[in-house]
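Hydrogens, waters and symmetry mates are skipped; everything else that's a heavy atom, side chains included, is used.
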Amino acid sequence: MDASHGIGVPDGFAVSYSGNGGERERAWLAGLPALAGELIARWELARDGAVGWGEASLVVPVRRADGTRAALKLQMPREETAAAVTGLRAWDGDGIVRLLDHDPVGGAMLLERLDGSRTLASVPDDDTAMRVLAALLARLHAVPAAGGLRGLGDVAREMLAAVPSAVGSLADAADRRRLRGWASAVAELAGEPGDRMLHWDLHYGNVLAGEREPWLAIDPEPLVGDPGFDLWPALDTCWERVRATGDAARVVRRRFDLLTEALGLDRERAAGWTLGRLLQNTLWDIEDGRTAIDPSQLAVAEALGRHG
């Protein structure tokens, strides 16, 4: 077998990655098979299944020299990748996938193998699934924040600085008013940004079935801040399913109740930081050329009684 151990780059992954990047991304894709082969040899791994991929990473199922199952996750080295490693080391498998090894130069991680075919979205009862997610968030937030991570205070200041120029891109006056209202809510909270280590992206799709525990979180984007800033992905998760109930507001309010109770949060403060996530999402949408606030963002704000 060649040095790549037969690992190729799936066409869909290549198209997604190169379409969202430039020369650096294309160079990384070209070197990916060789990098995978080098890491498999260095860490004494054996291929153990078909290669999977997502928007930003390639995952190779492997077995370690002692026979334990693991997953080789290949992704471009970025600030977010380094932050994920920092967080995973601090959490050390407490409610989250365990980091087994890491290549700081290439950005690859060797992770505990979970069941990628079973996410928390497979649990039919939303209350049950949300309680599982809330319990995982509580464990993640309980671990002292690691040094070197971005802080919510900086993120909030960057958002607030972007609002004056971004608001003019919204076509509807009501949307412009809402965006300013969400920014005002963030401004009121920004002086006390919090000191907990947040996952930043915990939704049903980022909770997988495991062997060590029934459910474990994956794919953190660690940030130090207020736990209220960590709620929106859970409120919004499986949105099409939420909308299909015919009463999205009821589902969002129920999820908010379960999360704030499990995490012991001040509801008003948590609602304010959730508006911060809506502000952040809308600013990103505007960067991508959108001229209206996404209906799901409006629905979450209205469900929490914060119309803006």
Side-chain angles (χ1 to χ4, degrees), residues 1-20 25 28-78 80-81 84-85 87-89 91-123 129 132-133 136 199 201-221 237-238:
M1 184 176 289
D2 62 30
S4 72
H5 288 255
I7 295 173
V9 179
D11 290 341
F13 181 69
V15 169
S16 172
Y17 227 90
S18 59
N20 292 326
E25 283 74 15
W28 182 78
L29 282 172
L32 190 54
L35 173 63
E38 191 274 324
L39 291 171
I40 285 174
R42 185 202 309 174
W43 287 335
E44 299 181 328
L45 307 174
R47 290 279 304 278
D48 190 39
V51 172
W53 57 278
E55 184 177 331
S57 63
L58 199 70
V59 179
V60 184
V62 294
R63 286 188 181 270
R64 306 180 81 186
D66 62 3
T68 58
R69 302 193 315 155
L72 175 61
K73 183 176 181 179
L74 301 153
Q75 58 207 332
M76 277 193 69
R78 306 179 190 269
E80 295 86 349
T81 307
V85 169
L88 288 171
R89 283 176 172 161
W91 281 310
D92 193 25
D94 189 359
I96 198 163
V97 65
R98 179 164 282 140
L99 178 69
L100 305 175
D101 214 330
H102 170 239
D103 174 44
V105 176
M109 302 180 194
L110 186 65
L111 299 165
E112 167 186 18
R113 178 109 62 95
L114 304 180
D115 186 351
S117 68
R118 286 185 59 216
T119 74
L120 198 53
S122 66
V123 175
V132 169
L133 188 149
L136 292 176
H199 183 286
D201 194 29
L202 195 60
H203 51 77
Y204 288 170
N206 274 345
V207 180
L208 298 184
E211 296 179 358
R212 176 169 56 88
E213 295 193 33
W215 299 103
L216 289 165
I218 63 167
D219 288 349
E221 300 177 21
T237 193
C238 295

Whether over 12 other heavy atoms sit under 6.0 Å from D92 CG: yes
Within 6.0 Å of CD in E213, more than 12 heavy atoms from elsewhere: yes
Nearest heavy atoms of A129 and L120, plus distance in Å: O-CD2, 3.3 Å
Side-chain donor or acceptor of T81 paired with backbone N/O of M76 under 3.5 Å: yes
Sidechain-backbone polar pair: R212 side chain, G93 backbone, donor-acceptor under 3.5 Å: yes
Non-hydrogen side-chain atoms of R113 and P61 separated by less than 4.5 Å: yes
Spacing of H102 atom NE2 and L39 atom CG [to the nearest 0.5 Å]: 10.0 Å
Check against side-chain contact (heavy atoms from CB on, under 4.5 Å), L111 and L88: CA-CA 10 Å; L111 299 165; L88 288 171; 4.1 Å; yes
Stepwise side-chain contact (heavy atoms from CB on, under 4.5 Å) test for L32 and F13: CA-CA 12 Å; L32 190 54; F13 181 69; 4.0 Å; yes
Interatomic distance, D101 atom CG to L110 atom CG [nearest 0.5 angstrom]: 6.0 Å
Residues V132, V123; criterion side-chain contact (heavy atoms from CB on, under 4.5 Å); working and verdict: CA-CA 10 Å; V132 169; V123 175; over 6 Å; no
Test item: M109 and L100 side chains (from C-beta on) under 4.5 Å apart, heavy atoms: no
P10 side chain near L58 side chain, heavy-atom distance below 4.5 Å: yes
Distance (rounded to the nearest 0.5 Å) between W215 CH2 and R118 CZ: 4.5 Å
For the student: nearest non-hydrogen atoms of A217 and I96, plus distance: O-CG1, 3.1 Å
Minimum-distance pair of heavy atoms, taken over all atoms of D103 and G106: OD2-N, 2.8 Å
Q75 (side chain) donor-acceptor with S57 (main chain) under 3.5 angstrom: no
Pair E25 + R78: basic N to acidic O under 4.0 Å: yes
Salt bridge (charged side-chain N to carboxylate O under 4.0 Å, His left out) contacts in which one or both residues fall within residues 64-77, not counting sequence neighbours: R69-E211, K73-D219
Residue pair L216, V207: steps toward the side-chain contact (heavy atoms from CB on, under 4.5 Å) verdict: CA-CA 5 Å; L216 289 165; V207 180; over 6 Å; no
Side-chain donor or acceptor of N206 paired with backbone N/O of D201 under 3.5 Å: yes
Shortest non-hydrogen separation from L72 to A36 and the atoms involved: CD2-O, 4.3 Å
Side chains of V105 and P77 in contact at under 4.5 Å (non-hydrogen atoms): no
Shortest non-hydrogen contact from A84 toward P220: CB-O, 3.7 Å
Check: L133 and L202 side chains under 4.5 Å, non-hydrogen atoms: yes
Side chain H199, main chain L136, donor-acceptor under 3.5 Å: no
Within-4.5 Å side-chain heavy-atom neighbours: R89 and L99: yes
Contacts of type ring pair (Phe, Tyr, Trp, His ring centres under 6.0 Å), residue W28, not counting sequence neighbours: Y17
For the student: nearest non-hydrogen atoms of A71 and V62, plus distance: N-CG2, 4.1 Å
Heavy-atom check, side chain of I40 versus side chain of I7, under 4.5 Å: yes
Short side-chain to backbone donor-acceptor contact, S122 and T119, under 3.5 Å: yes
